K.L.:
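Here's a structure for you.
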Amino acid sequence: MPPQTRRTSFPKVVIDRDTDSEESSSDEDEIDEEDDVVGEEEVTEPKADEEEGEEEQEKSVTKKKTPITISLKKVCKVCKRTGHEAGFKGATYIDCPMKPCFLCKMPGHTTMTCPHRVATEYGVVPAPRRNTHSSLDYVFQRQLRPHIPKMKPEFVIPDQVNCAVIRYHSRRVTCLEFHPTNDNILLSGDKKGQLGVWDFCKVYEKTVYSEIHGCILNNMKLNPRNDGTVYTGSSDGTACCVDLETGISLSLMNLNPNGWQGPSTWRMIYGLDINLDKGVVLVADNFGYLYTVDMRSNNVTGKPILIHKKGSKVVGLHCNPLQPDLLLSCGNDHFARIWDMRQLETGSSLVDLPHKRVVNSAYFSPLTGSKILTTSQDNRIRVWDSIFGSLDSPSREIVHSHDFNRHLTAFRAEWDPKDQSESLVVIGRYISENYNGAALHPIDFIDISTGQLVAEIMDPNITTISPVNKLHPRDDILASGSSRSLFIWRPKEKHEIEKPIDERKIVLCGKAEKKGKRKFGDESDCGSDDDGFTTKGKPVKSKQPYLDSTSKSKSKSKSKSKSSKKP
DNA sequence: ATGTCATGACCCC
DNA sequence: TGGGGTCCCTGACA
């Protein structure tokens with residue numbers, strides 16, 4: 001195969017500004033003919049000549065007028081070949097046939113015909129049994145959870161955006177957490193480092209702390225013992241303990257005490273989790289190191305331990321909910337690893353779980369802690385049914401579109417913490433589906449015991465991708481972060497929605513109302529300031545409808561800027 | 001309507 | 001091993 005054809009090597013035609021542009025649109029055959037001619041030239045002429053010729057031409061033309069250089073070949077934007085074009089045709093994306101399937105990454109077919117698109121569970125190894133693998137496992141689970149229902153209850157899917165929509169972040173949302181005790185409080189972090197505290201039942205009750213971190217808030221965890229504090233980790237290299245009421249933050253560590261010395265030395269904090277039993281906050285950086293912070297003294301204890309490939313990002317940390325000695329980590333070195341907290345040292349991992357790409361997240365199951373769920377950038381969700389069994393290979397690999405895109409927050413499959421069977425998982429979908437002419441990116445609920453797509457939820461007003469999703473620990477509520485917006489989903493039956501979603505009128509604040517066509521995800525005229533809005537169909541518990549609420553929202557929002565440190 | 005930009009993994013040399 | 005080039009469904013703003 002010849003070297004990769006580049007855009008610069010394509011035939012270019014310099015057209016004088018006086019050339020009538022309408023001529024070119026008159027006939028496509030003409031273009032094709034020209035294509036062929038130029039194509040031959042490209043083959044026959046030595047490259048140097050071609051370049052010289054171009055240069056000469058350009059020189060001569062620039063003396064008179066600025067030339068317009070256009071490429072006449074209609075090429076596929078993906079593979080740069082002719083004969084086909086990739087991209088959106090209306091709301092349907094046409095794949096480049098020269099590339100492997102965008103969904104399952106296998107060659108020979110496109111996303112449109114991918115068997116995984118037709119049936120999500122295609123190729124998934126079914127679970128041998130629903131909940132347990134052996135009688136021993138079953139006894140173990142019954143001991144841990146005596147109230148396991150005999151029958152697996154129906155999944156309840158929060159499938160309607162009927163509570164609230166808000167946008168107070170000035171950059172895209174990176175993480176979400178529900179308050180451990182207050183059912184209506186959602187915490188959100190963004191790429192700018194802002195921390196939002198939002199009472200989504202009183203839509204305008206929100207607080208944004210903007211001075212805690214200087215850039216991306218990668219992860220946060222609320223302290224279940226002291227529900228007024230949240231631990232945050234950021235790409236500014238600091239981890240903080242933040243008081244939710246006051247916004248006062250206490251810096252636990254700063255990995256860049258000497259400031260900016262260039263990208264090769266700048267440390268960023270990604271993984272973060274709390275281990276209550278040990279009274280520590282665990283934090284990991286982009287160089288592969290794990291740090292331990294004592295929760296009482298708020299000081300780093302011990303030395304940093306290399307837990308992933310040196311120089312690679314440790315994306316996530318998760319402590320086992322039942323067995324405090326177990327830690328799960330995942331990173332850019334394509335591994336998820338299980339560690340024994342009692343003997344944490346480089347290379348001492350109990351298990352290494354290999355992946356084909358970066359592992360965006362790795363979580364123990366929320367109730368028994370005996371399953372593992374990982375999301376990898378190879379478009380696969382992996383499930384290990386029992387950490388007590390063989391971990392040589394995942395119990396299931398579920399193909400699901402959640403590719404890497406540098407402009408999106410990484411997708412993470414999240415457990416439903418309420419699901420006793422520990423099989424319901426939520427994750428946003430990257431590729432779109434054509435829903436009545438609109439390209440929408442649903443949020444998927446997947447039964448990881450079978451690989452089946454239980455539900456795909458979407459709203460015609462949400463046209464952006466929703467990579468960040470969190471299910472409520474107690475209520476049937478889903479919070480999702482899509483671009484800069486936050487959405488609260490509830491099950492349809494819980495809130496009497498009479499009208500179909502697209503008939504609901506969205507009442508917005510101030511000048512936005514004039515536009516009329518504004519949608520949830522639309523951001524025009526909506527700066528970083530307070531622009532809360534929601535649907536008219538269900539004003540939730542808010543005291544007043546949201547008519548002309550600019551002033552109200554401003555008065556209600558308290559944009560505090562208290563901080564103890566600056567990056 | 002269209003262009004621009006932010007910016008992370010990966011691949012290749 | 002490192003730096004530079006590349007990149008398929010982005011999203012906001014000019």
Side-chain angles (χ1 to χ4, degrees), chain A residues 1 3-9 68 70 75-81 84-105 107 109-112 114 117 167 169-174 190-192 215-216 218 235 262-266 268 270 286 309-313 315 331-334 355-360 376-379 400-411 428-435 438-442 458 462-468 481-485 512 515 518-528 531:
Chain A
M1 212 178 125
Q4 187 73 33
T5 328
R6 291 191 185 167
R7 189 177 298 255
T8 49
S9 69
I68 301 168
I70 60 165
V75 295
C76 169
K77 66 173 182 180
V78 178
C79 70
K80 309 287 185 287
R81 292 179 196 215
H84 65 271
E85 278 183 277
F88 274 106
K89 284 271 187 293
T92 306
Y93 190 91
I94 309 297
D95 263 1
C96 168
M98 308 305 289
K99 290 277 184 173
C101 170
F102 191 59
L103 174 54
C104 72
K105 307 298 177 196
H109 65 269
T110 64
T111 319
M112 294 295 274
C114 178
R117 191 181 182 116
R167 180 170 53 236
H169 286 288
S170 52
R171 304 294 293 275
R172 65 169 201 249
V173 174
T174 53
D190 73 16
K191 202 169 154 289
K192 210 177 175 184
C215 57
I216 317 180
N218 290 308
S235 285
S264 58
T265 56
W266 186 259
M268 304 183 250
Y270 282 85
N286 59 327
K309 186 181 170 187
K310 195 168 189 180
S312 78
K313 188 195 291 179
V315 187
N332 270 24
D333 62 353
H334 303 189
H355 293 68
K356 293 205 175 65
R357 295 280 161 161
V358 169
V359 190
N360 287 344
S376 172
Q377 288 179 8
D378 65 354
N379 265 1
H400 178 265
S401 172
H402 50 256
D403 257 56
F404 168 76
N405 180 315
R406 65 190 146 162
H407 308 296
L408 301 174
T409 305
F411 291 83
R429 195 193 300 176
Y430 187 6
I431 54 172
S432 61
E433 204 72 58
N434 186 341
Y435 294 97
L440 301 180
H441 307 265
M458 80 291 290
I462 306 176
T463 55
T464 48
I465 295 170
S466 305
V468 193
S482 193
S483 187
R484 282 156 50 178
S485 302
K515 290 198 165 184
R518 185 107 155 241
K519 294 176 177 178
F520 286 148
D522 191 346
E523 294 201 352
S524 47
D525 293 330
C526 205
S528 58
D531 214 353

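Each chain gets a letter, A, B and so on, in the order the sequences are listed, and its residues count up from 1. Because the structure is predicted, anything quoted here is derived from the model rather than measured.
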K.L.:
Looking at A:Ser401 and A:Ile431, would you say the former's side chain and the latter's main chain have a donor-acceptor pair under 3.5 Å?
P.N.:
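Yes, because the side chain of A:Ser401 sits within donor-acceptor range (under 3.5 Å) of the backbone of A:Ile431.
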K.L.:
Verify the distance criterion only: is there a donor paired with an acceptor across the side chains of A:Asn405 and A:Tyr430 at less than 3.5 Å?
P.N.:
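Checked: A:Asn405/A:Tyr430 side chains pair up, N/O donor to acceptor below 3.5 Å.
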K.L.:
Here's a test of your reading of the structure: between A:Val358 and A:Arg171, which maps to the more 5' nucleotide of DNA chain B?
P.N.:
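The answer here is A:Arg171.
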K.L.:
Once you apply a heavy-atom cut-off of 4.0 Å, does A:Phe404 come out as touching a base, just sugar-phosphate, or nothing?
P.N.:
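Result for A:Phe404 = base.
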K.L.:
Write down the distance between CG (A:Asp403) and C1' (C:dC9), rounded to a whole number of angstrom.
P.N.:
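Going from A:Asp403 (CG) to C:dC9 (C1'), I get 10 Å.
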K.L.:
Given side chains that start at C-beta, do those of A:Asn379 and A:Lys105 come closer than 4.5 Å, heavy atoms only?
P.N.:
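Yes, their side chains come closer than 4.5 Å.
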K.L.:
Scan A:Lys105 against the nucleic acid and name what it touches under 4.0 Å (heavy atoms): base, sugar-phosphate only, or nothing.
P.N.:
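It contacts nothing in the nucleic acid.
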K.L.:
Hey, are A:Thr409 and A:Arg172 close enough side-chain-wise for a donor-acceptor pair under 3.5 Å?
P.N.:
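Present: a donor and an acceptor within the cut-off.
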K.L.:
With the side chain counted from C-beta on, respond yes when A:Phe411 and A:Asp403 share a heavy-atom pair under 4.5 Å apart, and no when they do not.
P.N.:
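No, too far: nothing below the 4.5 Å cut-off.
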K.L.:
Using only atom types and a distance under 3.5 Å, with no angle test, would you say the side chain of A:His169 pairs donor to acceptor with the backbone of A:Arg167?
P.N.:
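No.
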K.L.:
Starting from C1' on C:dT10, measure out to CZ on A:Arg484 and report it in whole angstrom.
P.N.:
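Taking CZ of A:Arg484 and C1' of C:dT10, I get 14 Å after rounding.
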K.L.:
Find the distance A:Leu440:CG to C:dC9:C1' and express it as a whole number of Å.
P.N.:
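It is 13 Å, rounded to the nearest whole Å.
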K.L.:
Take atom CD of A:Gln377 and atom C1' of C:dC7, then tell me their distance rounded to the nearest Å.
P.N.:
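Going from CD in A:Gln377 over to C1' in C:dC7 covers 14 Å.
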K.L.:
I'd like the 5' and 3' limits of the part of DNA chain B contacted by chain A, with heavy-atom contacts below 4.0 Å.
P.N.:
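Under 4.0 Å from chain A, the extent on DNA chain B is B:dA6 to B:dC11.
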K.L.:
Would you classify A:Ser401 as touching base, sugar-phosphate or nothing, given that sugar-phosphate means primed atoms plus P, OP1 and OP2, and contacts are heavy atoms under 4.0 Å?
P.N.:
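Since no nucleic acid heavy atom lies under 4.0 Å of A:Ser401, the category is nothing.
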K.L.:
Out of curiosity, A:Asn434 CG to A:Phe88 CZ, how far, rounded to the nearest 0.5 Å?
P.N.:
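Taking CG in A:Asn434 and CZ in A:Phe88, the distance rounds to 9.5 Å.
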K.L.:
Please work out which residues in residues 94-101 of chain A have a non-hydrogen atom less than 4.0 Å from an atom of DNA chain C and list them by number.
P.N.:
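The stretch gives A:Asp95, A:Lys99, A:Pro100 as the residues lying under 4.0 Å from the strand, ordered by number.
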K.L.:
Is the side chain of A:Thr110 donor-acceptor paired with the backbone N or O of A:Pro97 at a distance under 3.5 Å, no angle test?
P.N.:
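Here the side-chain-to-backbone pair does not exist.
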K.L.:
What's the NZ-C1' distance between A:Lys192 and C:dA12, to the nearest Å?
P.N.:
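Computing the A:Lys192:NZ to C:dA12:C1' distance gives 14 Å.
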K.L.:
Of all the nucleotides listed (C:dT10, C:dC9, C:dC7), which has the minimum atom distance to the side chain of A:Leu408?
P.N.:
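So the nucleotide nearest the side chain must be C:dT10.
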K.L.:
How many whole angstroms separate atom CE of A:Met112 from atom C1' of C:dC8?
P.N.:
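Taking CE of A:Met112 and C1' of C:dC8, I get 15 Å after rounding.
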K.L.:
side-chain hydrogen bond (donor to acceptor under 3.5 Å, both in side chains) with A:Arg117: which residues, sequence neighbours excluded?
P.N.:
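Expected list: A:Glu433.
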K.L.:
Could you check how far CZ of A:Phe88 sits from C1' of C:dC8, rounded to whole Å?
P.N.:
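Atom CZ in A:Phe88 sits about 10 Å away from atom C1' in C:dC8.
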K.L.:
NA contact type, A:Ile431, heavy-atom cut-off 4.0 Å: base, sugar-phosphate, or nothing?
P.N.:
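Base: the residue A:Ile431, judged by heavy atoms under 4.0 Å, touches a nucleobase.
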K.L.:
Taking atom P of C:dC8 as reference, at what distance in whole Å does atom CZ of A:Arg406 sit?
P.N.:
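A:Arg406 atom CZ is separated from C:dC8 atom P by 10 Å.
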